[in-house]
Amino acid sequence: MHLAQLRQPLTRAAANSCHSVCRLPTTHSVSATAILSEQFAHLRIGPSSSNVAVEGRRYASVKAQGAYRLKPKRTIPKKLGAKKTGDQYVIPGNIIYKQRGTLWHPGENTIMGRDHTIHAAVAGYVKYYRDPQLHPDRQYIGVVFNRNDKLPYPKDAPRKRKLGLVAVPRKVEEVEKPTMSASGLPLFVTRHETIEIPPPAVTTPVAAGKAVKGQGARVSASGAAAVPASSSTISASASSNSNNGGSSVIAELIKEKLAARAEYNARQSALRKLQQQKMLARRGTRVLRLMNNYSYRETNWEIGRLIGDPGSVPGTEKVGSRKAKFRARRRRRNTFLLGIKERKLAKADRREEYRGRVREKREQRLVQRKEFLAKQREAKKAREGGAAAEKSEKKEVKAEKPAAAAPKVEKPKAPEAAKKESKSKVEEKKAAAAAAEPKKDSKTEKKD
């Protein structure tokens, strides 16, 4: 066992043994090492020693590492929830709230990570609050510099920043651009070229109307332009509409449509001419700049601007930037989707109208059927009443006839007399038949 491991036990044992076993000499000539060696000899320190107090015991100083010891049907804890309370001080990067989803949203001076954890962006105090102006139901977490501040701040209040700084407009000193180089040559030379620009043609609304009247266009039923037509065809169509019993409203609408189209075309042509004039003026003014080789030439971006403005396609004469084209495309798509929605709604209305007509027809048929059955019942009752009246009339007629005109009724005879009369009649008939027929054989006679 090393001596370094026996610091406190060794000193205690040495002190006890000195009092009990030996006494230190009073002379100062004995060194401390001699005294210590003598004490070690008395203690008999060695591997065979059984002095437990002197040897000491060593225990584990490092905790055993391992995984979570989880109970059955338990998972590894996610440790979600609030990590900082209200008015607690935080520094940039501290985790304020861990969550799955946005139960809390980042507010003033806070940021949200990709796992929806909210962190502090500045050093300050945590505040949990709501902001109805941003959202009526959401709850936010913010950080303020002063503990007494309340969130949300007023909408028009100045922004609070660290150290009480206030936004002040920066003073920008205008630096004069040099016009001459170090060698005494001008840095740029402007060359002006004279280009004749034709004056724009001024068209009055009356002239445009006359042009429309002379050079009209045939308009379809949907209002879209179709094949150009002459004024004679338009007047003929208008006269035919009026002659056919229609009004002149359609002709007026066609004239207004053609006038509006002519005005639009005039505006577009004037805009194109103005752009062409600007382009010619730009090409007439050439700025030549001094290069490193002491030559004058135009820069690349100026040469490119001679073709067209930035964002426009050369040669297409279309005005607008790239974002404007995206907006126009989005507008067309929204119009198309809105048209689809309107068509669906119109289709649903037509279907509902058709179903209503079917229901009305069904109800009309039921009413007609009821009326027909009622008429049949009335006719049947009328027929039955007529038959009963005829019977009653016949009975009355029979009752009104006199008794003399009634037929004679023979009295019934006795049954024996009736039998005798019937036998006599049968014999008479047989005798008449025998006289009329030829004579037969004896056998037939006997049978008779």
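For reference, positions follow the sequence shown, starting with 1.
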Taking atom [atom1] of [X] and atom [atom2] of [Y], what is their separation to the nearest 0.5 Å?
| X | Y | atom1 | atom2 | result |
| --- | --- | --- | --- | --- |
| Thr335 | Glu342 | OG1 | CD | 9.5 Å |
| Arg330 | Lys323 | CZ | NZ | 10.5 Å |
| Lys150 | Lys127 | NZ | NZ | 8.5 Å |
| Leu345 | Arg350 | CG | CZ | 10.5 Å |
| Arg351 | Lys347 | CZ | NZ | 5.5 Å |
| Trp104 | Ile118 | CH2 | CD1 | 8.5 Å |

Restricting to non-hydrogen atoms, name the atom on [X] and the atom on [Y] that form the minimum distance, rounded to 0.1 Å.
| X | Y | answer |
| --- | --- | --- |
| Ala123 | Phe145 | O-CD2, 3.6 Å |
| Val143 | Asn109 | O-ND2, 2.9 Å |
| Leu187 | Pro178 | CD1-O, 3.1 Å |
| Leu151 | Gly142 | CD1-CA, 3.9 Å |
| Ala121 | Pro92 | O-CB, 3.8 Å |
| Arg100 | Asp115 | NH1-O, 4.2 Å |

Please tell me if the side chains of [X] and [Y] come closer than 4.5 Å, counting only heavy atoms from C-beta onward.
| X | Y | answer |
| --- | --- | --- |
| Thr110 | Tyr140 | no |
| Lys375 | Phe372 | no |
| Lys83 | Tyr97 | no |
| Tyr296 | Pro186 | yes |
| Lys344 | Lys341 | no |
| Leu288 | Glu298 | yes |
| Ser181 | Tyr294 | no |

Taking [Y]'s backbone N and O only, do any of them form a donor-acceptor pair with [X]'s side chain (distance below 3.5 Å, no angle check)?
| X | Y | value |
| --- | --- | --- |
| Ser269 | Asn265 | yes |
| Ser392 | Ala388 | yes |
| Gln139 | Leu103 | yes |

More than 12 heavy atoms of other residues, nucleotides or ligands under 6.0 Å from NZ of Lys361: is that the case? no
Decide yes or no on side chain to side chain contact (heavy atoms under 4.5 Å, CB included) for Arg74 and Lys71, but give the supporting numbers first. CA-CA 6 Å; Arg74 291 292 181 91; Lys71 294 182 180 181; 4.0 Å; yes
Residue pair Val126, Thr85: steps toward the side chain to side chain contact (heavy atoms under 4.5 Å, CB included) verdict: CA-CA 7 Å; Val126 180; Thr85 60; over 6 Å; no
Would Tyr129 and Ile141 count as a side chain to side chain contact (heavy atoms under 4.5 Å, CB included) here? Give the steps. CA-CA 6 Å; Tyr129 66 99; Ile141 300 176; 6.0 Å; no
Going by an N to O cut-off under 4.0 Å, is there a salt bridge joining Glu363 and Arg359? no
Please identify each residue that fulfils salt bridge (Lys or Arg N to Asp or Glu O under 4.0 Å) with Glu353, with sequence neighbours left out. Arg357
Under the salt bridge (charged side-chain N to carboxylate O under 4.0 Å, His left out) criterion, do Asp137 and Arg130 qualify, and how do the steps go? CA-CA 8 Å; Asp137 301 327; Arg130 290 179 181 271; 5.8 Å; no
Given side chain to side chain contact (heavy atoms under 4.5 Å, CB included), test Met112 with His105 step by step and report yes or no. CA-CA 8 Å; Met112 186 170 65; His105 293 263; 5.9 Å; no
Please determine which of Arg297, Arg286, Arg289 meets the side chain to side chain donor-acceptor pair (under 3.5 Å) test together with Glu302. Arg289
According to the interplanar angle, ranging from 0 to 90°, do the rings of Tyr89 and Tyr125 count as parallel (below 30°), tilted (30 to 60°) or perpendicular (above 60°)? perpendicular
